[in-house]
Amino acid sequence: MALLLSFVLLCGFADFTRSLSITTPDQMIEKAKGETAYLPCKFTLSPEDQGPLDIEWLLSPADNQKVDQVIILYSGDKIYDDYYQDLKGRVHFTSNDLKSGDASINVTNLQLSDIGTYQCKVKKAPGVGNKKIQLTVLVKPSGTRCYIDGSEEIGNDFKLKCEPQEGSLPLRYEWQKLSDSQKMPASWLAEMTSPVISVKNASTEYSGTYSCTVQNRVGTDQCLLRLDVVPPSNRAATIAGAVIGILLALVLIGLIIFCCRKKRREEKYEKEVHHDIREDVPPPKSRTSTARSYIGSNHSSLGSMSPSNMEGYSKTQYNQVPSEDFEHAPQSPTLPPTKVAGPNLSRMGAVPVMIPAQSKDGSIV
């Protein structure tokens, strides 16, 4: 019986040594975002494995709702690496000769979407083998900021805070005092590994430079903080000074606005005065026109007179034009009176009048 068992075990071992096997154990790998992850997959072949060599890497995303994705494939002595769009151009075989027994890959510029289970499958008929690797991508702490929340005055309560902009959990914090005695106050010891230190009844011995170190499994980051505990300030004077400063600023702004508006109004007024043509003022009368109007009115009067009345009408009345209309008129030679035609009298405003015929003695015929 023992001999038979030994024979079975020996045969099974012989079959195991002859079959294809992947020597890389299952494992978990943690890497930081942006780094390169090396995923090992080394295998051995047996003399019985005579079929074509096929190597396939699959990704099972952390989101269970997604199906397994082929990310890179070796078949027929060719490499195909454009199956999975999210990893296109970022996944490569590490060996130039895959038949040598190394099917390991590199995934470059890691992203959070790369988290998942990667499976290496090697087939060379009749041998088949596969291994799984769990990849976790973490974010290093970065952009850490240290600041004081509150007033740094003697007797006050305030807080020292340490906040990274990003970083995968869990995060560990460590505070240290870098200046003076480098000894932290005893009341702070319980919060030395906390992102916030609560300071009660502050005193000058708390003054100094402090550092806060943030760490997770893939990286660390640090920030510095300067604490100066000072005597209480005269808040009334500070408030009064601030109010006065604000009022002066408002007055100055008001003066500037007033001056600008005044200057604009002056420029606008000068422009309007220089270019404006008033439409409600009639043009000045020509002196010559005035004289002609005066003469025309006299001719109209003449046209309305009877022959008996015209005897007493003096021809010199044509010269009785107001002196102010002719005082600057150019001198012209005096012309003898001429008869005015009917059409011209109408244009000059004369009104036609019927005059009865008279005899030589003046009686109406």
Side-chain angles (χ1 to χ4, degrees), residues 1-138 217-218:
M1 187 68 178
L3 183 61
L4 180 61
L5 181 60
S6 299
F7 178 76
V8 172
L9 291 174
L10 182 61
C11 290
F13 181 76
D15 291 340
F16 177 78
T17 56
R18 285 198 303 269
S19 64
L20 183 152
S21 65
I22 296 177
T23 59
T24 303
D26 293 343
Q27 56 185 295
M28 296 181 63
I29 298 176
E30 286 185 346
K31 286 290 183 178
K33 179 183 176 182
E35 293 183 346
T36 296
Y38 169 69
L39 308 183
C41 181
K42 295 184 179 181
F43 61 93
T44 59
L45 301 172
S46 68
E48 287 77 12
D49 298 329
Q50 297 297 324
L53 177 64
D54 292 328
I55 300 173
E56 184 181 55
W57 276 90
L58 301 172
L59 168 61
S60 301
D63 186 354
N64 295 328
Q65 296 180 357
K66 295 183 179 180
V67 299
D68 293 352
Q69 299 285 340
V70 177
I71 60 174
I72 193 168
L73 175 68
Y74 173 81
S75 180
D77 295 332
K78 291 183 179 181
I79 297 174
Y80 305 91
D81 57 2
D82 57 353
Y83 283 96
Y84 188 44
Q85 190 65 29
D86 290 352
L87 282 172
K88 186 176 181 180
R90 296 195 292 120
V91 59
H92 313 279
F93 284 109
T94 59
S95 175
N96 294 326
D97 184 11
L98 299 178
K99 295 180 180 179
S100 66
D102 187 0
S104 303
I105 61 172
N106 280 333
V107 180
T108 62
N109 189 23
L110 287 172
Q111 304 298 317
L112 296 178
S113 60
D114 299 337
I115 296 174
T117 301
Y118 292 76
Q119 183 176 187
C120 173
K121 289 184 176 182
V122 181
K123 178 182 179 182
K124 189 172 176 66
V128 176
N130 68 83
K131 287 295 180 181
K132 293 182 179 181
I133 299 175
Q134 181 69 38
L135 175 63
T136 302
V137 180
L138 302 176
R217 293 194 297 267
V218 293

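Predicted model, so just to flag it, every value in this text is computed and none were measured. Note: hydrogens, waters and symmetry copies are ignored here, and every other heavy atom, side chains too, is used.
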How many angstroms lie between atom [atom1] of [X] and atom [atom2] of [Y], to the nearest 0.5 angstrom?
X	Y	atom1	atom2	result
Leu39	Lys131	CG	NZ	15.0 Å
Leu59	Tyr84	CG	OH	5.5 Å
Thr108	Gln111	OG1	CD	9.5 Å
Lys33	Asn109	NZ	CG	9.0 Å

Got a donor-acceptor contact below 3.5 angstrom from the [X] side chain to the [Y] backbone?
X	Y	result
Lys124	Gly51	yes
Asp54	Lys123	no
Asp49	Leu20	yes
Thr136	Glu30	no

Specify the closest pair of heavy atoms between [X] and [Y], including all atoms of both residues, with the distance to one decimal.
X	Y	answer
Lys88	Asp82	CE-CB, 4.2 Å
Ile22	Cys120	CD1-O, 3.8 Å
Asp68	Ser60	OD1-OG, 2.7 Å

Side chains of [X] and [Y]: closer than 4.5 Å at any heavy-atom pair?
X	Y	result
Ile133	Trp57	yes
Tyr80	Val70	no
Asn130	Leu58	no
Gln134	Thr117	yes

Answer yes if the side chains of [X] and [Y] hold a donor-acceptor pair under 3.5 Å, and no otherwise.
X	Y	value
Asp77	Tyr74	yes
Thr94	Asn106	no
Ser104	Asp102	yes

### Task
Take Phe93 and Leu98, measure what side-chain contact (heavy atoms from CB on, under 4.5 Å) needs, and give me the verdict at the end.
CA-CA 8 Å; Phe93 284 109; Leu98 299 178; 3.8 Å; yes
### Task
Output, in order, the C-alpha distance, side-chain angles, deciding distance and verdict of salt bridge (charged side-chain N to carboxylate O under 4.0 Å, His left out) for Asp114 and Arg90.
CA-CA 11 Å; Asp114 299 337; Arg90 296 195 292 120; 2.9 Å; yes
### side-chain contact (heavy atoms from CB on, under 4.5 Å) evaluation trace for Cys41 with Tyr118
CA-CA 11 Å; Cys41 181; Tyr118 292 76; over 6 Å; no
### Message
Could you walk me through whether Ile71 and Ile105 satisfy the side-chain contact (heavy atoms from CB on, under 4.5 Å) test, starting with their C-alpha distance in whole Å, then the side-chain angles of each, then the deciding distance to 0.1 Å, before giving a yes or no?
### Response
CA-CA 11 Å; Ile71 60 174; Ile105 61 172; 4.2 Å; yes
### Task
Name all residues meeting the salt bridge (charged side-chain N to carboxylate O under 4.0 Å, His left out) criterion together with Asp97; count only those two or more places apart in sequence or in a different chain, and write none if there are none.
none
### Task
Take Leu45 and Phe43, measure what side-chain contact (heavy atoms from CB on, under 4.5 Å) needs, and give me the verdict at the end.
CA-CA 7 Å; Leu45 301 172; Phe43 61 93; 4.0 Å; yes
## Note on the structure
Exactly one of Val107, Ile29, Ile115 clears side-chain contact (heavy atoms from CB on, under 4.5 Å) with Val137, and that residue is Ile115
